[in-house]
Amino acid sequence: MRGCGARLVWVLVLSLAWLGPVLGGEEEEEEVVAEEEEESEVLSDELEEEDDVLVLHEHNFARALSEHRLLLVEFYAPWCGHCQRLAPAFAQAATALRDESSPARLGKVDATAQTALANEFGITSYPTLKLFRDGNRTHPLPYTGRATGIVGWMQRRAGPSATLLEDPDTAAAFIGSQDLVVVGFFKDLESEAAQVFYEVAGDVVDMPFGVAEATELFEAYGLSADTVCLFKKFDEGRTDFPVDPARGLDAAELTQLLGVHRLELVMEFTNETSDHIFGAKIPHHMLLFLNKSSSGQLQLRDDFRAAAGTFRGKVLFVVVDVAGYGADVLPFFGLTPADAPTLRLVKMENNRKYQMDQDVFSETAIRTFVQAVLDGKVKPRLLSAEPPEDWDTRPVKVLVGKTFEQVAYDETKNVFVKFYAPWCSHCQAMAAAWEELGERYKDHEDIVIAELDATANELENITIHGFPTLHYFPAGPGRKMVEYKSTRDLETFSKFLENGGTLPEEPPDGVILPHLLEDHTTVELVAHLLKVIPGKPETWGQRGKKIR
């Protein structure tokens with residue numbers, strides 16, 4: 001994949017994910033006004049298609065629900081860049097389902113034109129995908145997976161989500177068929193716990209699920225009570241999750257457990273494993289940077305693995321080859337291949353990075369270091385670029401991590417800071433206005449206009465989740481940082497400053513401000529991470545909400 005800047009890696013999550021898999025991309029830079037266009041002709045309830053996708057509106061929606069037992073509907077906006085990027089994959093999924101004569105169909109609704117439907121189903125972002133089952137329109141099921149997972153997700157709902165295993169031979173063949181297999185052993189397949197298992201099987205489409213209730217199968221696998229078993233051809237080979245007799249089975253908890261234990265105890269960061277690494281929602285990542293061509297450095301993996309078992313589910317241990325696939329993530333950590341071997345721990349919640357300052361990476365030393373970070377006894381290692389020689393003589397002051405506090409927290413100044421990423425088109429679009437703002441206020445002793453490249457500099461008490469982000473630090477004691485969220489133009493910036501950092505009044509309900517749809521927020525950054533934007537590198541560490 002083509003890179004758009006190595007600085008994205010590991011910093012640009014959600015989580016990510018963390019957030020799990022997503023749909024989406026970068027929002028287009030264009031004026032956005034949601035208007036309901038008058039229809040030139042009266043629509044009937046006839047069902048028309050475009051590329052095997054049903055074109056739905058207020059007049060044919062009920063008919064579509066009545067004729068199709070499973071209907072996944074995309075609510076989109078024509079101007080939305082995410083929707084435009086989703087369209088080819090969505091159409092491809094629709095064709096695949098139709099070719100296999102599946103009862104599942106795909107449809108789409110222009111939510112900016114069909115406002116009654118958009119309001120009925122609470123559509124507030126684009127694209128939003130909802131599954132309607134058996135004609136029921138009151139409780140649609142949201143789809144928040146990747147575009148490439150639509151077919152499998154729908155297939156699981158069209159047929160049995162888990163294969164019934166009736167005898168030991170069938171079970172053995174099923175378990176041996178894949179590297180990862182999940183089998184639910186339930187004495188009653190109609191029980192509530194079994195139904196939860198079927199629900200999870202319908203969502204986790206990249207692993208085969210089986211169910212068993214025969215007594216001989218319980219005996220064959222040494223079980224006496226309802227249990228979910230994860231069979232894997234690595235590490236310990238099998239992990240059991242007994243069903244609590246009192247609490248039963250919780251879908252979210254089981255999904256998380258499967259996500260954690262499906263991973264190898266120590267992962268190697270590769271193109272094939274990156275999705276699983278970021279999708280596991282494990283709150284910390286411990287990274288061993290080494291050069292795999294060095295036999296001496298390879299030996300460090302033994303102690304690294306020995307320490308990993310203590311923290312399973314809390315810390316994910318990952319090996320990064322600095323001379324291979326992992327080379328692109330080095331700039332985010334301020335590393336070069338010559339720095340290997342070295343260790344870093346990343347706290348996924350806020351992208352804070354911690355360095356183990358030791359030359360001997362023994363099992364005991366690694367375990368002690370990780371526990372100290374978890375206990376809050378280690379300070380993060382913050383990146384900072386070097387300030388340009390003329391950083392404080394320019395109309396717009398150029399801040400770095402080392403100089404940020406002395407400028408932003410100067411109680412005699414009102415400081416307006418732009419946090420940006422060099423690759424961000426929205427940052428580039430507002431650059432001229434920001435420079436003009438600097439020129440306008442360069443002679444005001446109590447006003448400072450500044451900027452900081454947030455991909456090269458980190459701050460201890462401020463975490464940037466999207467670009468551009470604008471923060472205002474008013475003068476005086478007890479100063480409280482204010483985030484600027486209004487229109488990004490010179491005159492509005494000036495009005496904000498002249499009013500002492502007072503934000504404009506909120507617009508009336510129903511008004512969409514174009515700038516709210518033009519941020520490179522965590523949505524886009526997580527899309528980078530999960531590689532749904534062609535030509536963008538995957539990223540590490542930026543958690544955020546799911547893209548719908």
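Position 1 is the first residue of the sequence, and the numbers go up from there. Since this is a predicted model, take the numbers as computed values, not measurements. Note: hydrogens, waters and symmetry copies are ignored here, and every other heavy atom, side chains too, is used.
Judged by distance alone, the side chain of R157 and the main-chain N or O of G202 form a donor-acceptor pair under 3.5 Å. Put simply, the side chain of T170 never gets that close to the backbone of L165: no donor and acceptor are under 3.5 Å apart. Looking at D167, its side chain does come within 3.5 Å of a backbone N or O of D169 through a donor-acceptor pair. The backbone N or O of A77 sits nowhere less than 3.5 Å from a side-chain atom of T112 that would complete a donor-acceptor pair. Between the side chain of T227 and the backbone N or O of A225, at least one donor-acceptor pair lies under 3.5 Å. Side chain of Q114 to main chain of E58: a donor-acceptor pair is present (N/O by atom type, distance under 3.5 Å, no hydrogens or angles). Formation of a donor-acceptor pair under 3.5 Å by the Q84 side chain with backbone atoms of P78 is found in this model. Between the Y76 side chain and the W79 main chain, no donor and acceptor come within less than 3.5 Å of each other. The closest donor-acceptor contact from the side chain of D99 to the backbone of A96 lies at 3.5 Å or more, if one exists at all. Side chain of K130 to backbone of R137: no donor-acceptor contact under 3.5 angstrom is found.
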Given the rule in the side-chain contact (heavy atoms from CB on, under 4.5 Å) test, do L71 and L54 qualify, once you have shown the distances and angles that lead to the verdict?
CA-CA 10 Å; L71 182 62; L54 297 172; 3.9 Å; yes
Could you walk me through whether V73 and F61 pass the side-chain contact (heavy atoms from CB on, under 4.5 Å) test, one step at a time?
CA-CA 10 Å; V73 179; F61 198 82; 4.2 Å; yes
Show the numbers, then the answer: is there a side-chain contact (heavy atoms from CB on, under 4.5 Å) between D250 and V196?
CA-CA 7 Å; D250 180 79; V196 171; over 6 Å; no
Check against side-chain contact (heavy atoms from CB on, under 4.5 Å), E264 and T273
CA-CA 10 Å; E264 295 184 47; T273 63; over 6 Å; no
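Ring planes of F75 and F121: tilted class, angle from 30 to 60°. Taking the six-membered ring where tryptophan is involved, the planes of F317 and F311 are essentially parallel, since the angle between them stays under 30° and well short of 60°. Note on ring orientation: taking the six-membered ring where Trp is involved, the planes of W423 and F467 are perpendicular (angle over 60°, cut-offs 30° and 60°).
Under the 4.5 Å side-chain criterion, counting only non-hydrogen atoms from C-beta, L189 is in contact with L164. Inter-residue side-chain proximity for I282 and L263 is flagged as met; some heavy-atom pair is nearer than 4.5 Å. For the pair K232/R262, no side-chain contact is recorded, criterion being any heavy-atom separation below 4.5 Å from C-beta on. A heavy-atom distance below 4.5 Å is not found between the side chains of H284 and M286. Annotation: side chain of K187 is in contact with side chain of F218 (closest heavy-atom distance under 4.5 Å). Side chains of Q256 and K281 form a contact here, defined as non-hydrogen atoms less than 4.5 Å apart. Within the 4.5 Å cutoff, side-chain heavy atoms of V320 are placed close to those of V329. Annotation: side chain of P422 is in contact with side chain of T455 (closest heavy-atom distance under 4.5 Å).
Annotation: the span from Y325 atom OH to N271 atom CG amounts to 4.0 Å, rounded to 0.5 Å. A distance of 5.5 Å separates CZ of R312 from CG of D235, quoted to the nearest 0.5 Å. For the atom pair L180 CG and H261 NE2, the distance stands at 12.5 Å (nearest 0.5 Å). The line from CG of L265 to CD of E236 is 7.5 Å long, rounded to the nearest 0.5 Å. Here the NE2-CG distance, from H276 to D206, works out to 6.0 Å after rounding to the nearest 0.5 Å. Rounding to the nearest 0.5 Å gives a distance of 11.0 Å between CG of L70 and CG of L65.
In terms of heavy-atom proximity, V322 sits nearest to F289 at CG1-CB, 3.9 Å. Annotation for A94 and V53: closest pair CB-CG2, 3.7 Å, computed over non-hydrogen atoms. In plain terms, the two heavy atoms of F209 and S161 that are nearest each other are CB-O, 3.8 Å. Taking both residues in full, the closest heavy atoms of V205 and G149 are given as CG2-O, 4.5 Å, listed atom of the first, atom of the second, then distance. Heavy atoms only, all atoms of each residue included: V181 and S177 are closest at CG2-OG, 4.5 Å. Nearest approach of V260 to A280, heavy atoms of both residues: CG2-O, 4.4 Å.
Using a cut-off of 4.0 Å between Lys/Arg side-chain N and Asp/Glu carboxylate O, R352 and E458 are scored as not salt-bridged. Contact check on D240 versus R238 returns a salt bridge, with a Lys/Arg side-chain nitrogen under 4.0 Å from an Asp/Glu carboxylate oxygen. Using a 4.0 Å cut-off between charged nitrogen and carboxylate oxygen, R105 and E67 do not count as a salt-bridge pair.
Summarising the local packing, CG of D51 is surrounded by 12 or fewer heavy atoms from other residues, nucleotides or ligands at distances under 6.0 Å. Counting heavy-atom neighbours within 6.0 Å of K314 NZ, excluding the residue itself, gives a total of 12 or less. Heavy atoms from other residues, nucleotides or ligands lying under 6.0 Å from CD of E49 number more than 12. For CD of E192, the number of neighbouring non-hydrogen atoms (other residues, nucleotides, ligands) closer than 6.0 Å is 12 at most.
T95 and D52 share a side-chain donor-acceptor pair at under 3.5 Å.
A cation-pi contact, defined as under 6.0 Å to the ring centre and within 45° of the axis, is absent between R156 and W153.
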